[in-house]
Amino acid sequence: MLLIGLTGSIATGKSTVSSLLSAPPYSLPVIDADQLARKVVEPGTPGYRAIVGYFGPSTPDLLVPVSESMPVDGPDGKGRPLNRPALGRRVFGDDPQVRRDREKLNGIVHPAVRWAMFSAALRAYLSGARAVVLDVPLLFESGLDRFCGTVLVVAVRDPAVQMRRLRERDAHLTLKDAENRVMSQGDVRVKARRCELRGGKGRGVVVWNDGGREELGREVARAWGEIERASPAWWSWGLWACPPAAVAVAVWSFWENVRINRRWAEMEARERAKI
Ligand SMILES: CC(C)(COP(=O)(O)OP(=O)(O)OC[C@H]1O[C@@H](n2cnc3c(N)ncnc32)[C@H](O)[C@@H]1O)[C@@H](O)C(=O)NCCC(=O)NCCS
Ligand SMILES: Nc1ncnc2c1ncn2[C@@H]1O[C@H](COP(=O)(O)OP(=O)(O)OP(=O)(O)O)[C@@H](O)[C@H]1O
(Lines give C-alpha, C1' and ligand atoms only; values in the text may rest on other atoms or scores of the structure.)
(Ligands and ions follow the chains in the order given, each with its own letter.)
Protein backbone atom coordinates (compact mmCIF):
# COMPACT_ATOMS: atom_id res chain seq x y z
CA MET A 1 0.00 0.00 0.00
CA LEU A 2 1.36 3.39 -1.00
CA LEU A 3 1.48 5.94 1.85
CA ILE A 4 0.93 9.43 0.42
CA GLY A 5 1.93 12.14 2.92
CA LEU A 6 -0.10 15.29 2.25
CA THR A 7 1.18 18.48 3.83
CA GLY A 8 1.54 22.24 3.39
CA SER A 9 1.02 25.16 5.75
CA ILE A 10 -2.05 26.66 7.34
CA ALA A 11 -4.78 27.52 4.79
CA THR A 12 -2.71 26.57 1.75
CA GLY A 13 -5.42 24.07 0.73
CA LYS A 14 -4.59 20.67 2.29
CA SER A 15 -8.19 19.88 3.27
CA THR A 16 -9.44 21.00 -0.14
CA VAL A 17 -6.94 18.69 -1.86
CA SER A 18 -7.67 15.80 0.51
CA SER A 19 -11.40 16.07 -0.20
CA LEU A 20 -10.64 16.00 -3.96
CA LEU A 21 -8.50 12.87 -3.47
CA SER A 22 -11.15 11.15 -1.36
CA ALA A 23 -13.81 11.65 -4.09
CA PRO A 24 -14.05 9.94 -7.52
CA PRO A 25 -12.11 9.37 -9.71
CA TYR A 26 -9.42 8.90 -7.00
CA SER A 27 -11.58 7.65 -4.07
CA LEU A 28 -8.58 7.31 -1.73
CA PRO A 29 -9.00 6.77 2.02
CA VAL A 30 -7.75 9.80 3.99
CA ILE A 31 -6.34 9.76 7.52
CA ASP A 32 -6.58 13.31 8.88
CA ALA A 33 -4.06 14.15 11.64
CA ASP A 34 -5.95 17.32 12.69
CA GLN A 35 -9.11 15.25 13.29
CA LEU A 36 -7.17 12.63 15.24
CA ALA A 37 -5.48 15.43 17.20
CA ARG A 38 -8.96 16.53 18.30
CA LYS A 39 -10.03 13.01 19.26
CA VAL A 40 -7.00 12.28 21.44
CA VAL A 41 -7.67 15.34 23.65
CA GLU A 42 -11.39 14.77 24.21
CA PRO A 43 -12.49 14.90 27.87
CA GLY A 44 -11.60 11.69 29.69
CA THR A 45 -8.55 10.85 27.54
CA PRO A 46 -4.96 10.80 28.94
CA GLY A 47 -4.16 13.67 26.52
CA TYR A 48 -6.93 15.83 28.00
CA ARG A 49 -5.75 15.15 31.55
CA ALA A 50 -2.12 16.00 30.66
CA ILE A 51 -3.13 19.30 28.98
CA VAL A 52 -5.37 20.35 31.86
CA GLY A 53 -2.62 19.42 34.31
CA TYR A 54 0.06 21.48 32.55
CA PHE A 55 -1.83 24.46 31.06
CA GLY A 56 -4.80 24.63 33.48
CA PRO A 57 -3.12 26.50 36.37
CA SER A 58 -1.84 29.29 34.07
CA THR A 59 -4.77 29.49 31.59
CA PRO A 60 -8.01 30.53 33.33
CA ASP A 61 -10.08 30.12 30.11
CA LEU A 62 -8.57 26.73 29.13
CA LEU A 63 -11.98 24.98 29.21
CA VAL A 64 -15.18 26.12 27.45
CA PRO A 65 -17.18 28.25 29.89
CA VAL A 66 -20.02 26.87 32.01
CA SER A 67 -23.41 27.72 30.50
CA GLU A 68 -26.96 26.40 30.42
CA SER A 69 -25.93 23.72 27.95
CA MET A 70 -22.48 23.09 29.48
CA PRO A 71 -22.39 21.73 33.05
CA VAL A 72 -19.28 22.24 35.22
CA ASP A 73 -18.21 18.59 34.70
CA GLY A 74 -19.01 18.59 30.96
CA PRO A 75 -21.92 16.89 29.14
CA ASP A 76 -20.90 13.35 30.18
CA GLY A 77 -19.20 14.10 33.50
CA LYS A 78 -15.68 13.63 32.07
CA GLY A 79 -14.84 17.35 32.10
CA ARG A 80 -15.59 20.35 29.90
CA PRO A 81 -13.98 20.31 26.43
CA LEU A 82 -10.86 22.38 25.78
CA ASN A 83 -11.38 25.98 24.71
CA ARG A 84 -9.29 25.59 21.54
CA PRO A 85 -8.88 29.29 20.64
CA ALA A 86 -7.60 29.97 24.19
CA LEU A 87 -5.10 27.10 24.00
CA GLY A 88 -4.15 28.31 20.50
CA ARG A 89 -3.26 31.73 21.96
CA ARG A 90 -0.90 29.98 24.41
CA VAL A 91 0.94 27.97 21.77
CA PHE A 92 0.91 29.83 18.44
CA GLY A 93 3.59 32.51 18.02
CA ASP A 94 7.31 33.12 18.06
CA ASP A 95 7.98 34.14 21.65
CA PRO A 96 10.42 31.69 23.41
CA GLN A 97 7.89 30.83 26.16
CA VAL A 98 5.18 30.26 23.54
CA ARG A 99 7.55 27.97 21.63
CA ARG A 100 8.25 26.00 24.80
CA ASP A 101 4.51 25.67 25.44
CA ARG A 102 3.97 24.53 21.84
CA GLU A 103 6.66 21.88 22.29
CA LYS A 104 4.99 20.74 25.51
CA LEU A 105 1.60 20.47 23.76
CA ASN A 106 3.18 18.66 20.80
CA GLY A 107 4.85 16.26 23.25
CA ILE A 108 1.44 15.40 24.68
CA VAL A 109 -0.58 15.22 21.46
CA HIS A 110 1.82 13.90 18.79
CA PRO A 111 2.64 10.44 20.23
CA ALA A 112 -1.10 9.75 20.63
CA VAL A 113 -1.77 10.96 17.07
CA ARG A 114 1.06 8.81 15.66
CA TRP A 115 -0.38 5.73 17.32
CA ALA A 116 -3.93 6.52 16.06
CA MET A 117 -2.53 7.02 12.53
CA PHE A 118 -0.64 3.75 12.64
CA SER A 119 -3.82 1.84 13.59
CA ALA A 120 -5.85 3.62 10.89
CA ALA A 121 -3.20 2.85 8.23
CA LEU A 122 -3.09 -0.79 9.30
CA ARG A 123 -6.89 -1.03 8.98
CA ALA A 124 -6.70 0.51 5.47
CA TYR A 125 -4.01 -2.02 4.49
CA LEU A 126 -6.03 -4.97 5.81
CA SER A 127 -9.11 -3.73 3.94
CA GLY A 128 -7.07 -3.92 0.70
CA ALA A 129 -6.60 -0.18 -0.02
CA ARG A 130 -4.09 0.43 -2.82
CA ALA A 131 -3.00 3.78 -1.38
CA VAL A 132 -3.87 5.92 1.60
CA VAL A 133 -3.49 9.68 2.12
CA LEU A 134 -1.98 10.85 5.42
CA ASP A 135 -3.08 14.47 5.80
CA VAL A 136 -0.49 15.77 8.28
CA PRO A 137 0.20 19.52 8.59
CA LEU A 138 3.49 18.84 10.42
CA LEU A 139 4.60 15.89 8.25
CA PHE A 140 8.26 16.95 7.94
CA GLU A 141 8.54 18.31 11.48
CA SER A 142 7.23 15.06 12.99
CA GLY A 143 9.46 12.86 10.78
CA LEU A 144 6.43 11.00 9.38
CA ASP A 145 7.63 11.81 5.83
CA ARG A 146 10.20 9.00 6.28
CA PHE A 147 7.40 6.43 6.17
CA CYS A 148 5.76 7.83 3.01
CA GLY A 149 6.36 6.52 -0.50
CA THR A 150 5.20 9.88 -1.85
CA VAL A 151 4.97 13.36 -0.33
CA LEU A 152 2.48 15.89 -1.73
CA VAL A 153 2.98 19.51 -0.63
CA VAL A 154 0.08 21.90 -1.23
CA ALA A 155 1.70 25.30 -1.57
CA VAL A 156 1.05 28.88 -2.62
CA ARG A 157 3.73 31.09 -4.13
CA ASP A 158 2.16 34.30 -2.77
CA PRO A 159 1.90 34.53 1.07
CA ALA A 160 -0.86 37.16 0.67
CA VAL A 161 -3.13 34.49 -0.88
CA GLN A 162 -2.56 32.27 2.16
CA MET A 163 -3.33 35.07 4.62
CA ARG A 164 -6.46 36.14 2.69
CA ARG A 165 -7.86 32.58 2.61
CA LEU A 166 -7.08 32.06 6.30
CA ARG A 167 -8.84 35.27 7.34
CA GLU A 168 -11.83 34.58 5.09
CA ARG A 169 -12.24 31.07 6.46
CA ASP A 170 -11.51 31.85 10.15
CA ALA A 171 -13.11 35.28 10.45
CA HIS A 172 -12.94 35.08 14.28
CA LEU A 173 -9.12 35.38 14.21
CA THR A 174 -7.57 38.80 14.71
CA LEU A 175 -4.81 39.81 12.29
CA LYS A 176 -2.25 39.09 15.05
CA ASP A 177 -3.74 35.62 15.76
CA ALA A 178 -3.66 34.84 12.04
CA GLU A 179 -0.04 35.99 11.70
CA ASN A 180 0.98 33.91 14.74
CA ARG A 181 -0.65 30.81 13.26
CA VAL A 182 1.06 31.29 9.88
CA MET A 183 4.39 31.83 11.64
CA SER A 184 4.00 28.65 13.72
CA GLN A 185 4.02 26.46 10.63
CA GLY A 186 7.02 27.76 8.69
CA ASP A 187 7.23 28.97 5.11
CA VAL A 188 5.33 26.70 2.73
CA ARG A 189 7.72 27.54 -0.12
CA VAL A 190 10.53 25.94 1.89
CA LYS A 191 8.37 22.83 2.30
CA ALA A 192 7.80 22.86 -1.48
CA ARG A 193 11.59 22.95 -2.09
CA ARG A 194 12.11 20.13 0.37
CA CYS A 195 9.44 18.12 -1.45
CA GLU A 196 11.11 18.73 -4.81
CA LEU A 197 14.40 17.54 -3.35
CA ARG A 198 12.81 14.09 -2.90
CA GLY A 199 13.31 13.85 -6.64
CA GLY A 200 11.10 12.96 -9.59
CA LYS A 201 9.44 9.58 -10.09
CA GLY A 202 6.46 10.57 -7.95
CA ARG A 203 8.47 10.61 -4.69
CA GLY A 204 7.81 14.32 -4.07
CA VAL A 205 5.09 16.28 -5.89
CA VAL A 206 4.14 19.93 -5.30
CA VAL A 207 0.51 20.97 -5.92
CA TRP A 208 0.47 24.72 -6.54
CA ASN A 209 -2.71 26.41 -5.33
CA ASP A 210 -2.50 30.13 -6.09
CA GLY A 211 -5.26 29.95 -8.69
CA GLY A 212 -8.95 29.08 -8.56
CA ARG A 213 -10.62 25.78 -7.68
CA GLU A 214 -10.73 24.52 -11.30
CA GLU A 215 -7.02 25.08 -11.66
CA LEU A 216 -6.49 23.20 -8.38
CA GLY A 217 -8.49 20.27 -9.79
CA ARG A 218 -6.13 20.17 -12.78
CA GLU A 219 -3.07 20.36 -10.50
CA VAL A 220 -4.36 17.41 -8.46
CA ALA A 221 -4.96 15.39 -11.66
CA ARG A 222 -1.40 16.16 -12.81
CA ALA A 223 0.00 15.15 -9.39
CA TRP A 224 -1.98 11.89 -9.39
CA GLY A 225 -0.73 11.15 -12.93
CA GLU A 226 2.87 11.47 -11.68
CA ILE A 227 2.17 9.22 -8.69
CA GLU A 228 0.45 6.57 -10.84
CA ARG A 229 3.32 6.49 -13.30
CA ALA A 230 5.79 5.90 -10.45
CA SER A 231 3.61 3.43 -8.57
CA PRO A 232 1.10 1.78 -10.91
CA ALA A 233 -1.86 -0.24 -9.60
CA TRP A 234 -0.30 -3.62 -10.57
CA TRP A 235 2.75 -2.81 -8.40
CA SER A 236 0.57 -2.00 -5.36
CA TRP A 237 -1.55 -5.14 -5.77
CA GLY A 238 1.62 -7.24 -6.26
CA LEU A 239 3.02 -5.95 -2.96
CA TRP A 240 -0.30 -6.49 -1.22
CA ALA A 241 -0.32 -10.11 -2.37
CA CYS A 242 3.27 -10.67 -1.21
CA PRO A 243 3.76 -9.21 2.30
CA PRO A 244 7.52 -10.05 2.55
CA ALA A 245 8.14 -8.02 -0.64
CA ALA A 246 6.00 -5.19 0.80
CA VAL A 247 8.13 -5.17 3.98
CA ALA A 248 11.36 -5.15 1.93
CA VAL A 249 10.13 -2.22 -0.21
CA ALA A 250 8.97 -0.32 2.91
CA VAL A 251 12.41 -0.75 4.56
CA TRP A 252 14.21 0.34 1.39
CA SER A 253 11.89 3.36 1.02
CA PHE A 254 12.41 4.36 4.68
CA TRP A 255 16.18 4.19 4.22
CA GLU A 256 15.98 6.24 0.99
CA ASN A 257 13.91 8.89 2.82
CA VAL A 258 16.42 9.03 5.69
CA ARG A 259 19.17 9.74 3.12
CA ILE A 260 17.04 12.43 1.46
CA ASN A 261 16.45 14.08 4.84
CA ARG A 262 20.19 14.03 5.58
CA ARG A 263 20.85 15.76 2.26
CA TRP A 264 18.21 18.37 3.12
CA ALA A 265 19.71 18.99 6.59
CA GLU A 266 23.18 19.44 5.01
CA MET A 267 21.78 21.89 2.46
CA GLU A 268 20.04 23.87 5.19
CA ALA A 269 23.25 23.97 7.26
CA ARG A 270 25.22 25.22 4.21
CA GLU A 271 22.62 27.95 3.55
CA ARG A 272 22.66 29.04 7.20
CA ALA A 273 26.46 29.23 7.10
CA LYS A 274 26.28 31.55 4.06
CA ILE A 275 24.03 34.05 5.93
C1 LIG B 1 -3.70 24.54 19.74
C2 LIG B 1 -4.99 23.93 19.26
C3 LIG B 1 -5.83 23.46 20.45
C4 LIG B 1 -5.78 25.04 18.50
O5 LIG B 1 -6.96 24.47 17.99
P6 LIG B 1 -7.82 25.20 16.82
O7 LIG B 1 -9.04 24.40 16.65
O8 LIG B 1 -7.96 26.65 17.18
O9 LIG B 1 -6.92 25.13 15.53
P10 LIG B 1 -6.64 23.85 14.59
O11 LIG B 1 -6.37 22.64 15.41
O12 LIG B 1 -7.70 23.77 13.56
O13 LIG B 1 -5.26 24.26 13.93
C14 LIG B 1 -5.15 25.40 13.08
C15 LIG B 1 -3.93 25.23 12.21
O16 LIG B 1 -2.76 25.21 13.02
C17 LIG B 1 -2.05 24.02 12.78
N18 LIG B 1 -1.43 23.53 14.00
C19 LIG B 1 -2.04 22.87 14.99
N20 LIG B 1 -1.18 22.56 15.96
C21 LIG B 1 0.02 23.02 15.56
C22 LIG B 1 1.32 22.99 16.15
N23 LIG B 1 1.52 22.37 17.29
N24 LIG B 1 2.32 23.59 15.46
C25 LIG B 1 2.11 24.19 14.29
N26 LIG B 1 0.90 24.23 13.67
C27 LIG B 1 -0.12 23.65 14.31
C28 LIG B 1 -3.11 23.04 12.27
O29 LIG B 1 -2.54 22.05 11.47
C30 LIG B 1 -3.96 23.93 11.43
O31 LIG B 1 -3.37 24.17 10.19
C32 LIG B 1 -4.75 22.71 18.33
O33 LIG B 1 -4.23 23.15 17.12
C34 LIG B 1 -3.82 21.65 18.91
O35 LIG B 1 -4.22 20.89 19.78
N36 LIG B 1 -2.56 21.58 18.40
C37 LIG B 1 -1.60 20.60 18.84
C38 LIG B 1 -1.72 19.34 18.05
C39 LIG B 1 -1.12 19.41 16.68
O40 LIG B 1 0.08 19.58 16.52
N41 LIG B 1 -1.95 19.25 15.66
C42 LIG B 1 -1.48 19.28 14.29
C43 LIG B 1 -1.59 17.93 13.64
S44 LIG B 1 -0.89 16.60 14.52
N1 LIG C 1 -8.04 27.15 -5.14
C2 LIG C 1 -8.82 27.75 -4.24
N3 LIG C 1 -9.62 28.78 -4.60
C4 LIG C 1 -10.39 29.42 -3.69
N5 LIG C 1 -10.45 29.09 -2.38
C6 LIG C 1 -9.67 28.07 -1.96
C7 LIG C 1 -8.83 27.35 -2.86
N8 LIG C 1 -8.18 26.40 -2.16
C9 LIG C 1 -8.59 26.51 -0.88
N10 LIG C 1 -9.50 27.52 -0.77
C11 LIG C 1 -10.14 27.97 0.47
O12 LIG C 1 -9.10 28.43 1.35
C13 LIG C 1 -9.38 28.06 2.69
C14 LIG C 1 -8.20 27.21 3.20
O15 LIG C 1 -8.20 25.96 2.51
P16 LIG C 1 -8.12 24.60 3.33
O17 LIG C 1 -9.03 24.61 4.50
O18 LIG C 1 -8.23 23.50 2.34
O19 LIG C 1 -6.60 24.74 3.82
P20 LIG C 1 -5.80 23.83 4.83
O21 LIG C 1 -4.40 23.84 4.34
O22 LIG C 1 -6.45 22.51 5.01
O23 LIG C 1 -5.93 24.68 6.16
P24 LIG C 1 -5.64 24.23 7.72
O25 LIG C 1 -4.20 23.88 7.80
O26 LIG C 1 -5.91 25.45 8.50
O27 LIG C 1 -6.55 23.10 8.04
C28 LIG C 1 -10.70 27.32 2.68
O29 LIG C 1 -11.72 28.24 3.00
C30 LIG C 1 -10.84 26.84 1.24
O31 LIG C 1 -12.19 26.70 0.85
Side-chain angles (χ1 to χ4, degrees), residues 5-22 30-42 45 47-48 50-52 54-55 59 61-64 81-94 98-117 120 133-144 152-158 160-174 177-188 191 207-220:
L6 174 69
T7 193
S9 284
I10 187 164
T12 56
K14 296 177 298 294
S15 308
T16 311
V17 169
S18 79
S19 57
L20 286 171
L21 289 174
S22 67
V30 175
I31 301 172
D32 182 329
D34 273 345
Q35 259 176 33
L36 295 177
R38 282 168 192 262
K39 257 189 126 59
V40 300
V41 299
E42 279 173 1
T45 59
Y48 175 83
I51 290 173
V52 173
Y54 180 80
F55 291 95
T59 319
D61 55 352
L62 182 67
L63 304 181
V64 298
L82 297 172
N83 176 0
R84 298 179 67 86
L87 184 53
R89 280 190 289 278
R90 283 290 308 267
V91 302
F92 292 133
D94 217 18
V98 169
R99 278 170 177 267
R100 274 196 294 278
D101 283 343
R102 186 158 70 240
E103 273 159 28
K104 180 71 194 175
L105 180 66
N106 289 347
I108 296 170
V109 180
H110 289 183
V113 171
R114 271 200 294 273
W115 177 244
M117 291 192 93
V133 177
L134 306 181
D135 179 347
V136 190
L138 304 177
L139 187 82
F140 291 124
E141 296 83 340
S142 61
L144 281 172
L152 270 188
V153 169
V154 187
V156 288
R157 292 188 174 89
D158 180 359
V161 172
Q162 181 184 10
M163 184 56 84
R164 196 189 63 237
R165 288 189 184 149
L166 173 61
R167 299 209 66 208
E168 275 169 13
R169 188 193 60 189
D170 298 342
H172 62 280
L173 295 178
T174 62
D177 283 346
E179 283 170 353
N180 282 339
R181 283 176 181 233
V182 169
M183 207 184 304
S184 302
Q185 281 201 19
D187 188 334
V188 75
K191 292 189 184 183
V207 171
W208 291 107
N209 185 24
D210 290 87
R213 287 174 192 278
E214 268 184 34
E215 209 173 318
L216 179 61
R218 284 194 293 276
E219 271 288 284
V220 169

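Residue numbers count from 1 along this sequence. Just so you know, ligand 1 is whichever comes first in the structure, and atom 1 is the first atom listed for that ligand.
Atoms CZ and CZ, from R169 and R164 in turn, are 13.5 Å apart once rounded to the nearest 0.5 Å. The line from CZ of R181 to CG of L166 is 8.0 Å long, rounded to the nearest 0.5 Å. With rounding to the nearest 0.5 Å, the separation of CG in L87 from CG in D101 is 9.0 Å.
Of the protein's non-hydrogen atoms, R165 CD, 3.3 Å is the one closest to atom 12 (O) of ligand 2. Atom 11 (C) of ligand 2 has its closest protein heavy atom at R213 NH2, 3.8 Å. For atom 18 (O) of ligand 2, the nearest protein heavy atom (residue, atom name, distance) is T16 OG1, 2.5 Å. In this structure, atom 24 (P) of ligand 2 lies nearest to the protein heavy atom R169 NH1, 3.5 Å. Looking only at protein heavy atoms, the nearest one to atom 25 (O) of ligand 2 is K14 NZ, 2.7 Å.
In terms of the salt bridge (charged side-chain N to carboxylate O under 4.0 Å, His left out) criterion, R165 has no residue partners (sequence neighbours excluded). Taking the side-chain hydrogen bond (donor to acceptor under 3.5 Å, both in side chains) definition, one finds that R84 meets it with nothing, sequence neighbours left out. When the salt bridge (charged side-chain N to carboxylate O under 4.0 Å, His left out) test is applied to E179, no partner is found at least two apart in sequence or on another chain.
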Next item on the list: Starting from the C-alpha separation in whole Å, work towards a yes-or-no answer on side-chain contact (heavy atoms from CB on, under 4.5 Å) for N106 and E141.
Entry: CA-CA 11 Å; N106 289 347; E141 296 83 340; over 6 Å; no
Note to self: Assess the residue pair R218 and E214 against the criterion (side-chain contact (heavy atoms from CB on, under 4.5 Å)); give the C-alpha distance rounded to whole Å, side-chain angles, the decisive distance to 0.1 Å, and a yes or no.
What the structure shows: CA-CA 7 Å; R218 284 194 293 276; E214 268 184 34; 4.1 Å; yes
Next item on the list: Under the side-chain contact (heavy atoms from CB on, under 4.5 Å) rule, what do D94 and R99 come out as? Steps first, then yes or no, please.
Entry: CA-CA 6 Å; D94 217 18; R99 278 170 177 267; 2.6 Å; yes
Margin query: For L152 and L21: C-alpha separation, side-chain torsions, deciding distance, then whether side-chain contact (heavy atoms from CB on, under 4.5 Å) applies.
Written below: CA-CA 12 Å; L152 270 188; L21 289 174; 4.0 Å; yes
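The I10 neighbourhood of ligand 2 comprises atoms 25 (O), 26 (O), with distances under 4.0 Å to a heavy atom of that residue.
Using a 4.0 Å cutoff on heavy atoms, P137 does not count as a contact of ligand 2. Within the structure, ligand 2 has G211 among the residues with a heavy atom less than 4.0 angstrom away. Assignment of S9 to the shell around ligand 2 is supported, since a heavy atom sits closer than 4.0 Å. Residue contacts with ligand 2 include A11, since one or more of its heavy atoms lies under 4.0 Å from the ligand.
Residues D34 and D135 form no side-chain contact, since every pair of their non-hydrogen atoms from C-beta on lies 4.5 Å or further apart.
Protein residues having a heavy atom under 4.0 Å from any atom of ligand 1 are I10, D34, A37, R38, R84, L87, G88, V91, F92, R102, L105, N106, V109, H110, P137, L138, R181, S184, Q185, listed by chain and number.
Looking at S15 next to ligand 2, an N or O pair under 3.5 Å apart turns up. At least one N/O-N/O distance between G13 and ligand 2 falls below 3.5 Å.
Residue contacts with ligand 2, taken as heavy atom pairs separated by less than 4.0 Å, involve N209 solely via side-chain atoms from C-beta onward.
In terms of heavy atoms, L138 sits closest to S142 at O-OG, 2.7 Å.
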